[in-house]
Participant: 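Shown below is the structure under consideration.
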Protein chains: 2
Amino acid sequence: MSKSYIRHFNANAIFHRIRIEPNVSQRDIVARTGIDKSVVSSIINQFSELGLVERNPVATSNKPGRPMEGLTISPESGLIVGVQIEADTIGYVAAALDGIPLCSRAQAFDGKLDGVADLVARGVKDIVSECGRTGDTLGVGISLPGLLTDEGVLLHAPVLGWRGVPVVDMFSAALDAPVFAGNDGKAAAMAEYMFGECIDIKDFIYLFSGSGVGGALFLDGDIYRGASGLAGELGHIKVVPQGRYCSCGGSGCLSPYLSEPGLAEEIGRLTGNRPSSFKDIMERAGANDEVVVGVLDNAGAVLGSAISSLVNIFNPPLVCLGGDMASAEPYLRPAVERAMQRLAHPSMSVQTKVIFSQLSTVSPFLGGVALALDGVTGLDSPHVLP
Amino acid sequence: MSKSYIRHFNANAIFHRIRIEPNVSQRDIVARTGIDKSVVSSIINQFSELGLVERNPVATSNKPGRPMEGLTISPESGLIVGVQIEADTIGYVAAALDGIPLCSRAQAFDGKLDGVADLVARGVKDIVSECGRTGDTLGVGISLPGLLTDEGVLLHAPVLGWRGVPVVDMFSAALDAPVFAGNDGKAAAMAEYMFGECIDIKDFIYLFSGSGVGGALFLDGDIYRGASGLAGELGHIKVVPQGRYCSCGGSGCLSPYLSEPGLAEEIGRLTGNRPSSFKDIMERAGANDEVVVGVLDNAGAVLGSAISSLVNIFNPPLVCLGGDMASAEPYLRPAVERAMQRLAHPSMSVQTKVIFSQLSTVSPFLGGVALALDGVTGLDSPHVLP
DNA sequence: GATATTTTTCTTGTTATGAGAATAATTGAT
DNA sequence: ATCAATTATTCTCATAACAAGAAAAATATC
């Protein structure tokens with residue numbers, strides 16, 4: 001383990017502390033992280049010189065003594081761009097260093113690998129000029145629906161049909177800013193940890209649904225990747241023995257019961273009228289379509305069973321459900337809770353909160369921002385934090 | 001993160017390297033761990049001065065150049081004692097620093113908290129004098145059937161009926177050597193990593209059965225403890241909806257299907273002749289008692305279902321089954337494999353090896369040794385593995 | 001204005017890593 | 001036998017990071 005690892009680790013912890021608690025003082029950072037005051041002072045000075053962190057005067061506290069300096073992440077100091085590549089769209093969001101989105105948009109995408117780097121480079125340039133900021137683009141994070149190696153090679157993205165694509169190198173060549181790439185589920189979990197419902201929770205399980213079901217295990221303050229990177233692909237937990245077929249080739253996975261295509265398929269089978277989108281499903285559920293409500297209730301039961309397994313294994317303080325699930329909370333939650341009541345270990349589940357997060361609905365594409373931000377303030381970027 | 005953390009981390013990594021590859025050279029340690037040669041040299045010197053590591057001349061290699069020094073863990077430098085406290089017995093093993101057991105024995109135990117510290121102190125003294133070594137006792141590791149806090153307090157051990165016992169302080173007061181305490185399942189997993197079938201495997205799932213079923217998640221080279229320490233209590237994964245009642249108060253847990261009491265109970269119910277021990281069960285299975293074989297096959301199916309869940313969540317390279325399960329491998333394995341075939345994700349389970357480990361049968365009580373060894377080589381590491 | 005208090009920075013010391021030179025120990029060629 | 005080549009380990013010195021305590025800065029209260 002190298003020496004600079006400590007500096008980066010501490011710098012990251014301090015930056016995170018400021019993000020989750022704006023206007024915190026150095027003294028409080030010391031109290032909360034246990035890092036020595038000299039070290040905090042020195043790292044804050046560095047951040048301050050780089051323009052990443054601002055010192056704000058704080059309203060008088062009526063206490064004697066030198067008043068604290070409120071520390072905040074400078075919103076003006078630079079831009080982070082998040083890119084999310086999906087089967088049929090590419091989403092862009094430009095955000096300040098504190099993760100607050102400035103503007104976002106999506107463009108149609110034919111899924112072709114050829115020319116995608118230039119397409120994304122133009123998209124990034126457009127979103128940066130659109131948001132009207134002059135600061136540097138400090139990093140671009142690219143969230144991809146597939147598994148990546150440590151070297152930044154996308155091994156396989158089923159919905160795109162891509163295989164063995166060296167995405168980091170490819171996008172780095174086309175873009176001027178440092179590129180960080182990652183799996184979409186893991187990136188979304190990171191976003192929840194940085195900006196969302198799981199802020200500062202060191203251990204949680206994240207699940208999201210959309211065109212598929214993904215997820216991540218957030219353990220000891222970091223995403224667990226496992227020996228082969230497949231760990232945490234929670235869309236393929238088996239929940240129904242000999243159940244529905246899944247795009248992965250197996251059967252009984254969580255994904256075909258909870259993903260938008262899976263739900264639409266089932267509703268279409270039962271009513272002869274297949275919904276065209278998740279919004280469509282929600283509208284029919286809102287109009288009290290019994291079949292749709294029933295399908296969602298069943299999805300909730302299956303989801304609850306998957307969560308129960310996870311609770312019994314990890315005993316996590318938090319399970320966070322994002323993506324389409326968040327909008328469907330009213331239809332899913334009762335079944336989820338019924339299933340957990342029945343299946344989860346009582347003395348464990350009592351310690352677990354299950355929440356539905358709106359983050360990915362309200363501010364989509366933040367996964368990429370989280371990836372880039374983690375990279376920019378994190379361990380693998382000695383050029384940013386000297 | 002403190003500075004000395006790096007030194008401890010590196011020291012531990014180097015010691016582990018020497019343990020798993022005796023007669024390794026400094027040069028190879030550098031190559032395998034990435035630690036700088038100066039650092040390796042300095043840490044080896046420290047170990048050498050402490051007498052923990054020996055430098056051995058190595059047979060000539062017919063190559064030019066200064067010959068390497070073979071490094072081994074000194075077997076003479078000190079003793080480690082492992083203690084395993086169970087419902088009705090206390091087991092002791094004395095081992096050299098390399099983890100090789102010198103002698104072991106077990107004594108009957110009434111489970112009473114009162115006077116147990118003195119009892120264990122005598123037991124440790126006896127096993128040390130019995131093994132005939134003069135070296136210092138460098139550490140005593142105590143493996144307990146319950147959950148511990150970071151401060152070394154045993155929160156609750158159902159089979160002993162103990163609650164809120166400050167075990168580290170209690171045993172430290174009675175013993176002369178440094179005391180390390182930990183959960184039995186996690187300690188056993190650590191032993192598999194240090195001396196057993198999982199040696200140097202950075203990610204594996206460990207399960208063992210005996211009077212109960214325990215386990216551990218070994219992730220990224222360390223036991224995962226989770227937010228509350230309950231993570232990895234794999235005996236309480238739910239495997240059968242509305243299934244058998246478990247000592248934990250719930251129902252459908254893995255434990256009542258796989259533990260010795262659970263198996264004995266079921267066999268007794270079906271035959272009217274309850275086996276008195278696991279050995280008894282094995283003998284009847286060996287004599288082709290169809291009921292017993294059937295009960296074991298069912299246990300294997302349930303176990304296979306639990307393993308399938310774990311495989312789909314972690315995609316681990318290895319799942320290790322220890323304790324009574326190891327002896328029952330012939331009766332369990334077919335059902336485990338059938339269940340996994342049916343339930344586990346094919347592209348994941350193909351990467352997972354399921355093995356039965358004899359370690360805890362052949363050399364019992366090594367869990368405590370692993371606890372102590374981990375503590376002794378990580379200089380001022382905490383004395384608890386919750 | 002003096003004093004107490006609180007927050008942050010500076011000074012100084014210690015320890016660790018890391019790059020490269022130096023040393024040590026051997027083989028093989030001359 | 002001696003020397004060159006080779007390989008393994010140790011030493012030297014520079015740099016980086018943390019850590020403890022003194023000092024400085026900024027404010028409230030008396």
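Lettering follows sequence order; numbering is per chain, from 1. Both backbone and side-chain heavy atoms feed into the values below; hydrogens, waters and symmetry mates do not.
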Participant: For C:dT17, take OP1 and OP2 only and decide whether either is under 4.0 Å from a side-chain N or O of B:Asn10.
Facilitator: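 B:Asn10 to C:dT17 OP1/OP2: side-chain N or O found under 4.0 Å.
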Participant: Going by the rule salt bridge (charged side-chain N to carboxylate O under 4.0 Å, His left out), which residues pair with B:Asp220 if we only count those two or more places apart in sequence or in a different chain?
Facilitator: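 By the salt bridge (charged side-chain N to carboxylate O under 4.0 Å, His left out) rule, B:Asp220 matches no residue at all.
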Participant: Name the closest nucleotide to the A:Ile6 side chain, picking from D:dA26, D:dA17, C:dT23.
Facilitator: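 Nearest to the side-chain atoms of A:Ile6, counting from C-beta on, is D:dA17.
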Participant: Are the aromatic rings of B:Tyr206 and B:Phe314 close, with centres under 6.0 Å apart?
Facilitator: no
Participant: Hey, can you pull the residues of residues 36-44 of chain B with a non-hydrogen atom under 4.0 angstrom from DNA chain C?
Facilitator: B:Asp36, B:Lys37, B:Ser38, B:Val39
Participant: Does A:Leu138 offer a backbone N or O that forms a donor-acceptor pair with the side chain of A:Asp136 under 3.5 Å?
Facilitator: no
Participant: Just the rounded figure in Å: distance from P of D:dT9 to CG of B:Asn45.
Facilitator: 11 Å
Participant: Which whole-number value in Å describes the distance from B:Arg66 CZ to C:dA24 P?
Facilitator: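 Nearest whole value for this atom pair: 9 Å.
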Participant: Can you sort out which residues in residues 13-31 of chain A have a heavy atom within less than 4.0 Å of DNA chain C? Ascending by number, please.
Facilitator: A:Ser25, A:Gln26, A:Arg27
Participant: Can you measure B:Glu69 atom CD to D:dT7 atom C1' for me and round it to whole angstrom units?
Facilitator: 13 Å
Participant: Please confirm whether the shortest side-chain N or O distance from A:Arg55 to OP1 or OP2 of C:dT9 is below 4.0 Å.
Facilitator: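 Looking at the OP1 and OP2 atoms of C:dT9, one of them is under 4.0 Å from a side-chain N or O of A:Arg55.
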Participant: Run the salt bridge (charged side-chain N to carboxylate O under 4.0 Å, His left out) test against B:Asp176 and tell me which residues pass, sequence neighbours left out.
Facilitator: none
Participant: May I have the distance from A:Tyr5 (atom OH) to C:dA16 (atom P), rounded to whole angstrom?
Facilitator: 18 Å
Participant: Checking B:Asn23 against B:Thr72: is there a side-chain donor and acceptor pair closer than 3.5 Å?
Facilitator: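 There is no such pair between these side chains.
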Participant: What's the CE-C1' distance between A:Met68 and C:dT6, to the nearest Å?
Facilitator: 12 Å
Participant: Counting only side-chain nitrogens and oxygens, does A:Arg7 get under 4.0 Å of the OP1 or OP2 atom of D:dA16?
Facilitator: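 Answer is no, no contact under 4.0 Å.
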Participant: Between A:Arg7 and A:Ser42, does any side-chain donor sit less than 3.5 Å from a side-chain acceptor?
Facilitator: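 Looking only at side-chain atoms, A:Ser42 and A:Arg7 do form a donor-acceptor pair, the distance falling under 3.5 Å.
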Participant: Under the salt bridge (charged side-chain N to carboxylate O under 4.0 Å, His left out) test, which residues partner A:Glu21, sequence neighbours left out?
Facilitator: A:Arg17, A:Arg32
Participant: How long is the line joining CD1 of A:Ile35 and C1' of D:dA20, in whole Å?
Facilitator: 17 Å
Participant: Any ring-ring contact (aromatic ring centres under 6.0 Å, His included) pairs touching residues 15-37 of chain A, not counting sequence neighbours?
Facilitator: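 ring-ring contact (aromatic ring centres under 6.0 Å, His included) check on residues 15-37 of chain A returns A:Phe15-A:Phe47, A:His16-A:Tyr193.
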Participant: Could you state the interatomic distance from CG (A:Asn183) to OG (A:Ser143), rounded to the nearest 0.5 Å?
Facilitator: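 That separation rounds to 7.0 Å.
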